[in-house]
Amino acid sequence: MIIIPIYNSLVLPNTTINLSKESLDSIELPELHINDEVILLLKRQNGRPGRFYPIGFSGTVVLVEPDGSVSIEVLERLDIEEVDLQNQVVASGIRAELSDVPQEESEKKLAALKKQMITALSKLQNGGGYTVAMYLAPLNTWNKLIVASAPYMNMSNEEKYDIMAADTDSERIEKITRAIQEFLTVFEVAQEASEDSNESYQKLYRENALRKQISFLQKQLDDLHPEDKSQLQILEEKIEKSGMNETARKEADKVLRRLKSEGQDGHESGMLYDYLDFVTGLDWRKNVIGKINLKKAEKILDREHYGLKKVKKRIIEQLAVMSLSKKQSGSILLFVGAPGTGKTSIAHSIAEALGREYVRISLGGVRDEADIRGHRRTYIGAMPGRIMDGMKKCGTSNPVMVLDEIDKLSVSYNGDPASALLEVLDPEQNNTFTDHYMNVPYDLSDVMFLCTANSLDTIPAPLLDRMEVIQFNGYTPLEKVQIGKKHLLEKAKKKHGIPEGRLTVTDDAMQKIIRDYTMEGGVRGLKKQLDQLSRIAAVQLVKDKTQVIHVTADNLTDFIEQRPILHDSVQETKVPGIVTGLAWTAVGGEILFIETMFTEGKGNLKITGQLGDVMKESVQIAISLVKKLYPEKAELFETRDLHIHVPAGATPKDGPSAGITLTTALASLVNDRPVSPEYAMTGEVSLRGNVMPIGGLPEKLMAAQRAGVKTVFIPRENEFDLRDVAPEVLQELTVIPVHEVTEVLHTVLG
Ligand code: ADP
């Protein structure tokens, strides 16, 4: 049995098919002779091996022309079960040909259809149509008419298959009639004959016919210029090449089929196209694990970032573990610290050190689960979630992905984004992360996740449990000078095109910028000021043809437009009831003054300033404690009104760490003894008077030193954190760890 694959032909039993020499030459065939038995297989696509429709035909060679072309008489339809690599066919049996139309009716219909076609064809110009019409005229069976007319109908391979696979005459007649109607309409459009017997019917067919013409022409164009392929073809190839998993492939094929049947102008075609464009833009393959070179990684981290010793050490440890365990990801690191302390930029350096793509996803203001996990495609304007969007943007399956501002997630009635994130970060689950938009699983297990946050307070506990916290403490003024000199100024000069050696900034000037024009734990403000300074310098270099510009502490104001920021510094006056506290704010540490005062009244309490609920509780505790410690003064709280004020300047984060300061201020007030402004303190206080630990110690001590405080009381349990405080800060401060609030009161009130 000889197997002959054919493409884009319509064959039916009891007809004859002619195959040209060229079409046979492209297949490896033995020489054909008369009476050879053959099986015709129907290819799905041209130019690709191995994909056939499940129906074929048996046949006999009836003519071999001297030029090599052959005619085959088609005998029966076969069900094809399997075609293997050597093109051996397993045919499971003959498929019956049904004739379900009564003889008489069938003949009438046949005659009518034939007449319609012949009339139409004979109108075709150049006589070609006439010849075809004459050729169709004697055909006396449905199959023959259908096969003979098919080549003139611009039918696609699938449409032809559709007709061949139809089991009954009536099905087949319906299909060919439809094709003929369309063909006739095309013909009419061409003739501009618009008879208006049935307008909407005509419009529909006309539209279909035009679309077909377009796709037919497109196909011809594609064949002429294989390099300009149609969108559909490109998508088809992309799907083929993408390496998708089986589920994803099935979904993509389904969408592609829908897109094809919708046509380019269909309702949903935009949405379908976007989907395919999205999923084929993802990298579905596992990437090879690159060797991690720790020396090189260390070098890159040091080159891009000054200081941050502990952070860098922890990162190198992580990379070492990844290298040993041959994994592309490890524990999830959470970088916590004030803005501008280098959290995202060091993440960028990690990506560079690993030679992997970097992608940053901002979670600030994310409220809906759909932001993380995508919208279902049934929505209009449905979109993938931010995670998969990030994966598409970077185009690899193993990027370093920064989830920025994870502490700014919030919960709304539309589901909890944190729980969706949990799934993203869980190594047990994230290899089958299913975005609602994609609706198929994607493997995120090779992504190296890094998260950043300003503070830990608002991060949901289950999320926090998954992560390992690395603190970014903020920089001391000395560190900032170094960062300014070695990194930010150099970058600013490069950005503004200032050549080497044409702009210098002295250390004094740098210090002054840091002290008087920025108020921050990080260096974002410093970066802005240096950018501005470089801009102004650039103008001078060009306009005044100055050769070199030296910026010093004296001429600094020429290069800075902003007016200086005044930091709170310790107050000179010694008034009872006022005590200096230390606060952690969004921009780092600040000192704050807690002011208390008795006024005429009868035991009311008035609180003003920036106090949240937690601080208000601290006030209640402080009052109870002072009443207990100084029972003889307790009646003051009954006979007078108490006013407590925390000036808004420092906008402290709402926390309990002002407890010790509030208690001291009240003790100072009731005893009418002032507290020297050289003292400052931070710590939470319990009802029994114990001092409990607080966060943000390095930033707070830095603020104390900057403000001119000499002695700071801290909770004893925070003593350990002192090793994170810069030596130049500790040098200028006396730090006294305390366990009970009375220790503070003894020292400051005597
Ligand atoms: P964050 O993510 O913590 O808010 P960024 O990473 O955006 O901060 O850092 C702000 C800018 O400061 C960046 O340009 C960064 O390169 C620079 N920067 C921060 N820390 C350092 C450092 N230690 N050395 C050099 N540049 C730094």
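Numbers here simply count residues along the sequence, with the first being 1. Both ligands and their constituent atoms are indexed starting at 1 by order of listing.
The Y306 neighbourhood of ligand 1 comprises atoms 22 (C), 23 (N), 24 (N), 25 (C), with distances under 4.0 Å to a heavy atom of that residue.
Residue contacts with ligand 1 for Y475 involve side-chain atoms from C-beta outward but no N, CA, C or O (heavy atoms, distance under 4.0 Å). When heavy-atom distances to ligand 1 are checked against a 4.0 Å cut-off, H487 comes that close only through its side chain, counted from C-beta outward. Contacts of V523 with ligand 1, taken as heavy-atom pairs under 4.0 Å, involve the side chain alone. Heavy atoms of K486 found under 4.0 angstrom from ligand 1: none, in either backbone or side chain. The side chain of L308, and not its backbone, has at least one atom closer than 4.0 Å to an atom of ligand 1 (non-hydrogen atoms only; side chain from C-beta on). With a heavy-atom cut-off of 4.0 Å, I483 touches ligand 1 through its side chain alone.
Distances between N or O atoms of K527 and those of ligand 1 include no value under 3.5 Å.
Ligand 1 lies within reach of K491, whose nearest heavy atom is under 4.0 Å from it. For H348, the heavy-atom gap to ligand 1 stays at 4.0 angstrom or more. Residue-ligand proximity: T452 is placed with every non-hydrogen atom at 4.0 Å or more from ligand 1.
Among all non-hydrogen protein atoms, the one lying nearest atom 3 (O) of ligand 1 is K343 NZ, 2.7 Å. For atom 4 (O) of ligand 1, the closest non-hydrogen atom of the protein is R524 NH2, 2.4 Å. At the top of the distance list for atom 5 (P) of ligand 1, counting protein heavy atoms only, stands T344 OG1, 3.4 Å.
Side-chain contact check for E684 versus V691: every heavy-atom pair is 4.5 Å or farther apart. In this structure, the side chains of I332 and E468 stay at 4.5 Å or more apart for every pair of heavy atoms.
In summary, the side chains of T452 and D404 do present a donor paired with an acceptor at a separation below 3.5 Å, with no hydrogens or angles considered. No side-chain donor-acceptor contact under 3.5 Å links T506 and H550.
The heavy-atom pair separating F433 from V424 by the smallest distance is CE1-CG2, 3.6 Å.
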Exercise. Give the C-alpha distance, both sets of side-chain angles, the deciding distance and a yes or no for salt bridge (charged side-chain N to carboxylate O under 4.0 Å, His left out) between R373 and E423.
Key: CA-CA 10 Å; R373 216 198 279 275; E423 200 187 313; 2.8 Å; yes
Quiz prompt | Verdict with supporting geometry, Q529 and Q562, side-chain contact (heavy atoms from CB on, under 4.5 Å) | solution = CA-CA 9 Å; Q529 296 299 343; Q562 185 192 315; 2.5 Å; yes
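Between A347, P339, G340, it is G340 that holds the heavy atom closest to atom 10 (C) of ligand 1. Here the shortest heavy-atom distance to atom 6 (O) of ligand 1, taken over G522, S345, G337, belongs to S345.
In summary, D724 and K310 engage in a salt bridge, as defined by a charged side-chain N under 4.0 Å from a carboxylate O. Contact check on E490 versus K493 returns a salt bridge, with a Lys/Arg side-chain nitrogen under 4.0 Å from an Asp/Glu carboxylate oxygen.
Ring geometry, W284 versus Y442: the interplanar angle exceeds 60°, so the pair is classed perpendicular (tilted spans 30 to 60°).
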